[in-house]
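Written below as structure tokens is the structure these notes are about.
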Amino acid sequence: MLSQGIPKFYYTKRLFCLNKFPSNRSMRKSRDPDMATVQASCAEKMKVDAGTRIPTVDRAAFVSAMGGAVTSVNVITTDGPAGAFGVTVSAMASVSADPPMVLVCVNRRSPACAAIRENGVFCVNLLAAHQHGIADVFAGHPQVGDAFDFRCAEWQQTITDSVRLPDAVGTFDCVLHDSYDAGTHTIFIGRVVDVTTSERVPLAHSRRTYCYPAALSSDFVPPAAGGQQASAGKASQ
């Protein structure tokens, strides 16, 4: 017999739950092993139901909306047994300050993705505004020269044997901590073993063009819609 206060749609021994959301009270951890199993089963069912009932947004709509995001422009480099590779990405973020960790998202079609896995190290180069040409090279569409060619800039070797740009806004030299595949990309989490910083103006990317941040004055008036952007260019993930 079910104990008093337990919703009727819970059953023990042969377990199942109806397609409904139990109350917060009913989802509290139970001391009854059978009841705890029921609760876990229902929680998992709700996750599946939520995923199947709500469709994924159209890709074109997603890309259009993401175009309004302002992101940093970063060249991720790696070197080691798999060789030296670099790729331009916009998805980079801090994960933790204790210990210091960052994450980057790299498209699995990029040779740099497999190289980071094998080498076990990578360096994030946070590009400065004057380095948009380097971003184009490692995004695969250089204005001059060859794509993914390290000869486009002067580099310094890092502690992990990756390379960094000495005149970047900042660099984060990392040992690979973990990685996760998500959609078309791999999320690499790196434990930061060394950094450099500078006061240079950072390069940004928004609405399919390069730009850079500037402080707003108290009398700032936003430009009219469709106004001219900073400088043309592309960045890729």
Side-chain angles (χ1 to χ4, degrees), residues 51 55-95 101-127 131-153 155 158 160-165 168 170-192 202-211 232-237:
T56 301
V57 71
D58 176 72
R59 182 184 187 279
F62 171 77
V63 172
S64 177
M66 281 301 300
V70 180
T71 63
S72 61
V73 183
N74 315 273
V75 169
I76 313 302
T77 62
T78 186
D79 200 356
F85 291 87
V87 63
T88 300
V89 306
S90 58
M92 173 270 187
S94 169
V95 173
M101 291 184 175
V102 297
L103 69 79
V104 296
C105 298
V106 180
N107 194 308
R108 288 199 297 277
R109 292 180 300 178
S110 169
C113 187
I116 292 173
R117 286 187 186 276
E118 184 173 345
N119 292 338
V121 298
F122 64 90
C123 183
V124 180
N125 293 269
L126 187 62
L127 298 190
Q131 294 174 320
H132 56 85
I134 300 174
D136 284 341
V137 169
F138 288 96
H141 41 74
Q143 297 178 11
V144 294
D146 297 326
F148 308 103
D149 188 348
F150 281 92
R151 292 176 296 179
C152 67
W155 304 85
T158 69
T160 67
D161 287 335
S162 300
V163 292
R164 66 169 156 230
L165 292 163
T171 65
F172 303 83
D173 197 25
C174 302
V175 173
L176 182 60
H177 175 76
D178 215 336
S179 63
Y180 306 90
D181 289 341
T184 57
H185 286 58
T186 295
I187 303 168
F188 291 108
I189 299 177
R191 176 173 58 86
V192 182
L203 181 65
H205 191 265
S206 182
R207 301 194 187 282
R208 300 181 180 275
T209 190
Y210 292 128
C211 52
K234 297 180 180 178
S236 69
Q237 292 188 3

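Hydrogens, waters and symmetry mates play no part in the numbers below; they use all other heavy atoms, side chains included. It should be emphasised that the depicted structure is a prediction, and the values quoted were computed from it without experimental measurement.
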Begin with the C-alpha distance, continue with both residues' side-chain angles, and end with the deciding distance and a verdict on side-chain hydrogen bond (donor to acceptor under 3.5 Å, both in side chains) for Asp181 and Thr186.
-> CA-CA 4 Å; Asp181 289 341; Thr186 295; 2.8 Å; yes

Would you mind reporting whether [Y] and [X] have side-chain heavy atoms less than 4.5 Å apart?
X      : Y      : answer
Cys174 : Val102 : yes
Ile76  : Met92  : no
Cys113 : Phe188 : yes
Asn125 : Trp155 : yes

Which value, rounded to the nearest 0.5 Å, describes the distance between [X] atom [atom1] and [Y] atom [atom2]?
X      : Y      : atom1 : atom2 : answer
Ile189 : Tyr180 : CD1   : OH    : 5.0 Å
Asp79  : Ile116 : CG    : CD1   : 11.5 Å
His132 : Thr209 : NE2   : OG1   : 10.0 Å

After noting the C-alpha distance and the side-chain angles of Phe138 and Phe150, does the key distance pass the ring pair (Phe, Tyr, Trp, His ring centres under 6.0 Å) rule?
-> CA-CA 9 Å; Phe138 288 96; Phe150 281 92; 5.1 Å; yes

Atom of [X], atom of [Y] and distance for their closest heavy-atom approach:
X      : Y      : value
Ile134 : Ala153 : CD1-CB, 3.6 Å
Val89  : Cys105 : CG1-O, 3.6 Å
Gly145 : Pro142 : O-CG, 3.5 Å
Arg191 : Met101 : CA-CG, 4.1 Å
Ser206 : Ala69  : OG-O, 3.3 Å
Ala168 : Gln131 : CA-OE1, 3.7 Å

Using only atom types and a distance under 3.5 Å, with no angle test, would you say the side chain of [X] pairs donor to acceptor with the backbone of [Y]?
X      : Y      : result
Asn119 : Ala82  : yes
Asp173 : Thr158 : no
Asp58  : Ala61  : yes
Thr88  : Ala135 : yes
Ser90  : Ser72  : no
Arg108 : His185 : yes

Can you label the angle between the His205 ring and the Tyr210 ring as parallel, tilted or perpendicular, going by 30° and 60°?
->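 Answer is perpendicular, since the angle exceeds 60°.
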
Take Asn74 and Val104 through the test side chain to side chain contact (heavy atoms under 4.5 Å, CB included) and record every step on the way to the result.
-> CA-CA 9 Å; Asn74 315 273; Val104 296; over 6 Å; no

Arg117 CZ: over 12 foreign heavy atoms closer than 6.0 Å =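 Enclosed.
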
Among Leu127, Leu126, Thr77, which one satisfies side chain to side chain contact (heavy atoms under 4.5 Å, CB included) with Leu165?
->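 Answer after filtering Leu127, Leu126, Thr77: Leu127.
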
